[in-house]
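One structure below.
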Protein chains: 2
Amino acid sequence: MHPLAPALPACKTTHRAVYDTLEVVSGKWKLVILAVLLERPYRFKELSREIGISPRVLSKELQELEQHQLVTRTVCDTRPITVEYAATPYSQTLHSVVAAMREWGLTHHQTIVGQPRPDTVPLAQPVAKP
Amino acid sequence: MHPLAPALPACKTTHRAVYDTLEVVSGKWKLVILAVLLERPYRFKELSREIGISPRVLSKELQELEQHQLVTRTVCDTRPITVEYAATPYSQTLHSVVAAMREWGLTHHQTIVGQPRPDTVPLAQPVAKP
DNA sequence: CATACCAGTTACCAGTAGGATACCACCCGC
DNA sequence: GCGGGTGGTATCCTACTGGTAACTGGTATG
């Protein structure tokens with residue numbers, strides 16, 4: 001499996017590895033953001049609207065992801081200047097994690113609710129609060 | 001992929017599914033506990049010592065996992081009574097998530113630190129506090 | 001009887017994650 | 001100048017996460 005990994009006292013190795021991963025992608029949003037960015041690059045506000053996260057929090061999350069080399073931030077020389085966030089090659093290594101969570105979330109939702117999410121519906125934004 | 005899944009407006013579907021998953025396994029410990037329990041059943045204190053989590057928090061996490069049908073709690077009729085926690089068949093469906101995080105954690109640690117974790121060392125418990 | 005282990009529970013408390021809201025600077029079209 | 005788009009920051013605040021410590025109640029061991 002991992003050539004450098006030693007005798008593998010399974011439990012210790014496993015739980016520490018999972019713990020290490022969680023330290024990087026902890027919190028309510030990091031994996032969600034990553035999941036979205038792994039599909040295609042997004043701009044800031046676009047991302048904010050897409051997943052429904054306030055700019056303050058999004059900004060913080062993106063900075064942390066950038067520090068961990070999981071996303072890149074590129075300023076595009078357009079008028080209105082736009083900023084594009086994209087998943088890095090390194091974050092591709094998280095793809096299996098995200099994919100697994102995606103699959104599980106889909107089937108779990110059906111297990112609980114008994115029907116798939118109404119994804120294709122016009123999906124009125126949570127309501128733009130009158 | 002999922003027969004019931006419709007036209008798949010990829011982004012929405014993905015981020016919601018990941019979000020759903022995170023609602024179940026959020027927090028610092030749930031996935032760690034699950035990772036360990038997926039290897040074999042554990043008793044309460046055993047688990048507590050293994051991953052270094054206080055009884056209060058462990059108790060709460062286990063209850064939540066139980067509510068989500070991800071672990072079972074069985075009281076064993078031994079003297080000192082022991083309680084065994086085990087992963088349910090349903091939690092097996094999370095195995096790919098845990099496995100992916102395990103793998104990522106292992107390689108990530110090497111990427112950052114440059115060497116694998118010293119797993120096999122005697123691994124003095126965080127120090128049993130005198 | 002004292003001590004120790006089991007599986008928790010309760011009380012207390014600090015740090016923070018994350019939400020709401022407002023605001024800034026920049027550029028465009030009108 | 002005004003309104004609307006961009007990408008954020010600043011401020012404030014609350015609820016929750018999670019840690020420590022102490023305590024219960026049962027059984028076993030010295």
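The shown structure was predicted, so the numbers you read here are calculated from the model rather than taken from an experiment. These values consider heavy atoms only, across backbone and side chains, with no hydrogens, waters or symmetry-generated copies. Per chain, numbering begins at 1; letters A, B, ... match sequence-line order.
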Name of the residue among Val71(A), Thr72(A), Val32(A) meeting side chain to side chain contact (heavy atoms under 4.5 Å, CB included) with Leu37(A): Val71(A)

Rounded to whole Å, CZ of Arg49(A) lies from P of dG8(D) at a distance of 13 Å

Scan for side-chain hydrogen bond (donor to acceptor under 3.5 Å, both in side chains) pairs involving residues 84-95 of chain B, sequence neighbours excluded, and state none if there are none. Trp104(A)-Thr93(B), His108(A)-Tyr90(B)

Applying a 4.0 Å non-hydrogen cut-off, can you work out what Thr82(B) is touching in the nucleic acid: base, sugar-phosphate, or nothing? sugar-phosphate

Whole angstroms only, please: what is the CG-C1' distance between Leu62(B) and dT17(D)? 16 Å

Contact list (N/O, under 3.5 angstrom) for nucleotides 27-30 of chain C vs protein:
none

Between the side chains of Thr82(B) and Arg43(B), is a donor N or O closer than 3.5 angstrom to an acceptor N or O? no

Nearest whole angstrom, please: distance from the P of dT9(D) to the CG of Leu58(A). 10 Å

List the atom pairs, with distances to 0.1 Å, where a side-chain N or O of residues 53-70 of chain A and a protein N or O form a donor-acceptor pair under 3.5 Å, not counting sequence neighbours.
| unit_1 | atom_1 | unit_2 | atom_2 | d |
| --- | --- | --- | --- | --- |
| Ser59(A) | OG | Gln63(A) | NE2 | 3.4 |
| Glu64(A) | OE1 | Lys30(A) | NZ | 2.8 |

Expressed in angstrom and rounded to an integer, what is the separation of Glu66(A) atom CD from dG8(D) atom P? 9 Å

Tell me, for nucleotides 8-18 of chain C in 5' to 3' order, what letter each nucleotide earns: B for a base near a protein heavy atom under 4.0 Å, S for only sugar-phosphate near one, - for neither? BBBB-----SB

Whether the Ser96(A) and Glu103(B) side chains hold a donor-acceptor pair (N or O, under 3.5 Å, no angle test) is what I'd like checked. no

To the nearest Å, give me how far apart CG (Asp77(B)) and C1' (dT27(D)) are. 12 Å

Hits for side-chain contact (heavy atoms from CB on, under 4.5 Å) against Arg79(A), two or more places apart or cross-chain, chain-then-number order -> none

Run the side chain to side chain donor-acceptor pair (under 3.5 Å) test against Thr111(B) and tell me which residues pass, sequence neighbours left out. none

Within a strict 4.5 Å, meaning less than it, do heavy atoms of the His15(B) and Ile33(A) side chains meet? no

